[in-house]
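A short write-up of the structure that comes next.
All of these numbers come straight from a predicted model, not from anything done at the bench.
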Amino acid sequence: MNEKLLEELLEGLNEEQKRVVLSNGKPILVVAGAGSGKTKTIIHKALYLIFHEESLVRARRLLMITFTNKAANEIKERIQKYANLLGKNINIEWIGTFHSVASRIIRKHHAIFGLSNDFRVLDEEDSTRLFKSIIKDQDVKKEEAKKLFIAVNQAIEGIRFLDEDNKFDRKVLELKDIFLNAMVETNAVTFSYLMGAFKDMLQKDEAFRNYYQNFFDYIIVDEFQDTNTTQYDIIKHISKKDNICVIGDPNQCIYEWRMAHPDNIISFIEDYNPEVIKLNINYRSSNEILLLANDVLKNSKAKWKELVPILKSHKKESKTYPKPVIIFHPNEEKEAEWIAKKIEELSKSVPLEEIAILVRVSYITNFLEQALVKAKIPHKIVGALRFFQRKEIKDILAYLHLAINPKDSVSFQRAITNPKRGIGEKTIEKIVNLSKQKSIDLIQATKYVLGNKLFEENSFINAMERLIHNLEKGQANNGNISFYVEKLIKDIKYFEYLEQEYKEDCQERIDNVKELLRFFEIEAQKYQENQKERLKELLQELSLMEEDEKDNSKAVKIMTIHKAKGLEFEAVFMPRLENGILPHSSAFDDVLDMEEERRLLYVGITRAKRYLFLSYTATGKISDFINIMDKTLLDTSLLPPETLKDQKAKTVIQYEPISYKSSKNKASKKIDVKVGDIVFHEVFGEGQVLNISNGVANVRFKDKDRTIVKEFLKPL
C-alpha cells in the first residue's frame, strides 16, 4: 500500500479509530461507545486489511459478521464505494449474519449434515407447523406446545442448559431428536438448526474445523455484545489467535431476552488476551446529552463497567446545547398533548422525520397517537401495529360496537369467536341469516340458535346482555365505562384466553388491554354524563383514526427503544419513565434484568443529537433510574416546585439476584387479594380492600371507594 493510499484511508479518523485500522498481528477488542463511528471504523479496517500487502488478507477470504442482513448490505456497499474512490475493485464474498454464513457453509457441505444442497430454511410460521406435526401423536397438552417449541429450539441451538433429572427437560431432549430427524426427512431446517448444527460439526469434526480455521484470513465481528454462547463458540472454532477483531458495546446489549450474552466480551478477553481499543468520541450527541448518558451508567453493577469508555462529544465546547428536559404530567393524556405541542414548536426548525418518540412498551402509544392525530402531525408507528389495530384491542372493541349496535354483523363475528367458543362458520352464518329474516338483533338470534347448546357456549350471550344492561344503567346513573369493560373482560375470561393462546407475549397483550381500560377511565372522568353516548362518540373517533394510515417518510417516528437501536434523531421524547414501565415490572426481582433495563434507558438517551425530553406522570411512580440521576444535568424548570423537592438523589434499590437460568425461565406467580390488603391499581393508585364479592373488590382509594375486578389489583 503506497503512502498516498494509506493517507486517504486514514483521513477523517480519530487516533483511536486509526489504531483499530492499523493494528495487526494480535486479536483486537474494540469497545465502541454509542455514536462513536464504529461502522466507519470497520469499513476502513477491512479496506486496510485487503490493500495492505503485509496483512496477506484476501477479499474473498475476509469474513465479516453483522447483526442484521441490512447492516451487512450497507457495509458491503460502503466498502465497494470507498474502494471505487481509491480506484480499486473488490468483492467481499463473506459478509452477513451468523445465520446466513452458517447456511452457506452447511449448504456447501450438505452431505455430512444429512441434507441435500437445496434444503430450505424455514421461517417462524413454517417451523411451528413442522413442530406441531411431530407432536400431534405425542402426549403434549396444547398449553405446553408453545413453551416446548421455544425450549426445543433453544436445545437444538445449544443455548438451553438441560437438566436430565427435570421431567420437562427430558421431554425437550426427546423432542429435540425427533424434530431434528423431521428436518432431515423434509430437507428443511430452522434457524436454530443452522447455529446448533454448525457449532456441533466444528466441535466434533477436526478436519472440518481445521478447514475453516485456515480458510478465513481474517474475521471481523460487529455487535459482539449481542452474540449468544453458541455464536461465541463458533467464533472460537473458526478463528486463530491473531486474525480476529470483535467490536461492540456491552452497554448497548438489550437482547438478553433473546439469549444475547454480553459477558462474551469478558470471555473474549480471557480467551484471546486481545489489544483493547476504546472508541469514546461520540459523533452524534451534544455534550449535555452525553453527560446524562454517562450518569445513567454510574450505578451499573456490570462486570465490564470499568472496560467501557466514558463518552465525550466531538462537538465544540464553545457552543452550548440545551440540557435534557425532565417533565412531570398529571396523566398520560396531558403528557401526550404536551409532546404534540412541543413537536409543533420544534418542527419550525427540525424536520419531522428527525423527531422520535421512544417507548419501553408498545401499549403506551395510544394517547400519543391520539394527540398527534388531533394536532394533525404526520406520524408513523415503526415496527408495530397502531394501538387500536392490535388484535386484543379490536377484540374488546368488537364487543362494545356490538353492545351499541346489536345488528353489527362484522363486530358480532369477531366477538363471538374471540375467545374461541367452538362456534363454527356455519353456525355464525345461520345466526346472521336468522337476524336478517326475522329483523331481530344478533343477540336475540344467537339465543334462538344456541338455545339448546351447552351453557359455556351461552356465556357469550350472558356477557353481552350484562354489558348492554350495564351501559343502559350507566346512562341513567352516570356509571363508569371502564368498570363495565373490566366486568366484560372477566365475564368472557379474556385474560385466561390470552394466556392460553399467546404464551410468548400474553403479558404484553394483557398490558395492552389494561391500557385500553385506562383510556376509558380517563374519558369517563372527562364526561360524567351520558356514558353510553360518549362511548358511541369514542368508537366513532377511533374508527376515524384508522383512516390515517398513509406511510409518510416525513413523519414523527413512534417506536420501542429496541427498534431504535442503531438509529439517531435530532429530537427524542421518552415518555412514561415510571416504575413498571422503565424499568419494566418483570425486572424488579432480578439484578440481571434490571441491568438490561438500565441499558435500555442509556440506548434511548443516546439516540438524541440535540434535544431530549424525559417525562413521567402521576399515573405511576417515577422511575428509580430518573430518581437517582444527577439533577444538575437536567433542565428541571418544567417540574412543579413541590415535585422537585421529592427528586433528591436516592440510593438505588437493591434487587435480589437469582440464577441466570431461573431468571429466564421463572414461572409467573399467582397473586391473590384478601380483605384488608393494601393494594395498587394502575389508574387509581393505592387503596385498601374493604370487601370482596364474586371476584369484585370494594376498595377505598384516596378520592373515594370504588369497585374493581380483583385481577386488576396488586397487593403491596
Side-chain angles (χ1 to χ4, degrees), residues 9-24 27-50 62-82 92 95-98 218-227 231 235 244-255 260 262 264-265 268-269 272 274-285 289-290 293-294 297 304 307-315 562 564-569 599 602-609:
L9 199 56
L10 298 179
E11 187 178 355
L13 300 180
N14 64 43
E15 291 306 310
E16 296 307 303
Q17 290 172 327
K18 289 176 184 176
R19 277 185 62 198
V20 175
V21 171
L22 298 175
S23 181
N24 201 7
I28 311 169
L29 167 61
V30 183
V31 186
S36 60
K38 72 177 178 64
T39 303
K40 182 177 182 179
T41 306
I42 289 172
I43 291 167
H44 285 252
K45 175 73 176 174
L47 290 167
Y48 176 80
L49 288 168
I50 293 165
L62 171 63
L63 173 63
M64 300 184 73
I65 296 179
T66 59
F67 192 59
T68 64
N69 288 311
K70 181 181 178 183
N73 292 332
E74 180 191 348
I75 290 173
K76 190 171 185 178
E77 288 173 8
R78 286 174 64 178
I79 286 177
Q80 188 60 62
K81 183 179 178 181
Y82 273 103
I92 307 291
I95 180 168
T97 63
F98 274 99
Y218 202 88
I219 299 170
I220 297 174
V221 185
D222 190 17
E223 302 286 11
F224 189 69
Q225 77 281 349
D226 290 326
T227 56
Q231 291 163 344
I235 290 298
I244 183 167
C245 170
V246 303
I247 186 164
D249 178 5
N251 282 330
Q252 293 189 71
C253 179
I254 55 176
Y255 291 106
N264 280 348
I265 284 183
F268 186 80
I269 293 174
Y272 287 83
E275 177 181 2
V276 179
I277 303 174
K278 301 179 182 181
L279 303 184
N280 69 335
I281 298 178
N282 178 285
Y283 291 89
R284 176 188 301 149
S285 307
I289 289 171
L290 295 180
N294 291 329
L297 297 178
W304 58 76
L307 181 68
V308 178
I310 296 174
L311 293 177
K312 299 176 183 177
S313 177
H314 84 295
K315 298 182 187 294
H562 284 99
K565 188 177 177 185
L567 304 178
E568 57 185 41
F569 303 92
R599 296 195 294 271
Y602 172 81
V603 168
I605 288 171
T606 53
R607 300 311 93 195
K609 295 180 184 178

Non-hydrogen atoms of Ala564 and Arg607 that approach each other most closely: O-CD, 3.3 Å
SG on Cys245 to OH on Tyr272, rounded to 0.5 Å: 12.0 Å
CG on Leu290 to CG on Asn282, rounded to 0.5 Å: 4.5 Å
Separation of Ile219 CD1 from Leu63 CG (nearest 0.5 Å): 5.5 Å
Minimum heavy-atom distance Ile289-Ile605, with the two atoms named: CG2-O, 3.6 Å
Distance (rounded to the nearest 0.5 Å) between Ile277 CD1 and Glu15 CD: 12.0 Å
Residues in ring-ring contact (aromatic ring centres under 6.0 Å, His included) contact with Tyr218, at least two apart in sequence or another chain: none
Side chains of Thr227 and Phe224 in contact at under 4.5 Å (non-hydrogen atoms): yes
Rounded distance (nearest 0.5 Å) linking atom CZ of Phe268 with atom CD1 of Ile235: 9.0 Å
With sequence neighbours excluded, residues passing side-chain hydrogen bond (donor to acceptor under 3.5 Å, both in side chains) with Thr39: none
Partner set under side chain to side chain contact (heavy atoms under 4.5 Å, CB included) for Lys40, not counting sequence neighbours: Leu13, His44, Arg78, Tyr82
Closest non-hydrogen atom pair, Ile220 against Lys45: CD1-CG, 4.0 Å
Side chain to side chain contact (heavy atoms under 4.5 Å, CB included) partners of Ile281, counting only residues at least two apart: Asn14, Tyr283, His314
Nearest atoms (heavy-atom pairs only) where Ser285 meets Ser313: O-OG, 3.0 Å
With sequence neighbours excluded, residues passing side chain to side chain contact (heavy atoms under 4.5 Å, CB included) with Glu568: Arg284, Lys609
Pairwise side-chain contact, Ile28 with Val30, heavy-atom cut-off 4.5 Å (strictly under): yes
Donor-acceptor contact below 3.5 Å, side chain Thr606 vs main chain Ala34: no
Check: Thr41 and Leu279 side chains under 4.5 Å, non-hydrogen atoms: yes
Heavy-atom side-chain proximity of Ile65 to Thr97 below 4.5 angstrom: no
Set of salt bridge (Lys or Arg N to Asp or Glu O under 4.0 Å) partners for Lys312, sequence neighbours left out: none
4.5 Å side-chain heavy-atom contact, Leu29 and Ile269: yes
Salt bridge (Lys or Arg N to Asp or Glu O under 4.0 Å) against Glu77, all qualifying residues, sequence neighbours excluded: none
Heavy-atom closest pair, residues Val276 and Arg19: O-NH2, 4.0 Å
For Phe98, all residues meeting ring-ring contact (aromatic ring centres under 6.0 Å, His included), sequence neighbours excluded: none
Residues in salt bridge (Lys or Arg N to Asp or Glu O under 4.0 Å) contact with Glu11, at least two apart in sequence or another chain: none
For the student: nearest non-hydrogen atoms of Met64 and Ile42, plus distance: CE-CG2, 3.2 Å
Listed partners of Lys38 passing side chain to side chain contact (heavy atoms under 4.5 Å, CB included), at least two apart: Ala32, Asp222, Glu223, Ile247
NZ-OG1 distance between Lys565 and Thr68, expressed to the nearest 0.5 angstrom: 10.5 Å
Under-4.0 Å salt bridge between Asp249 and Lys278: no
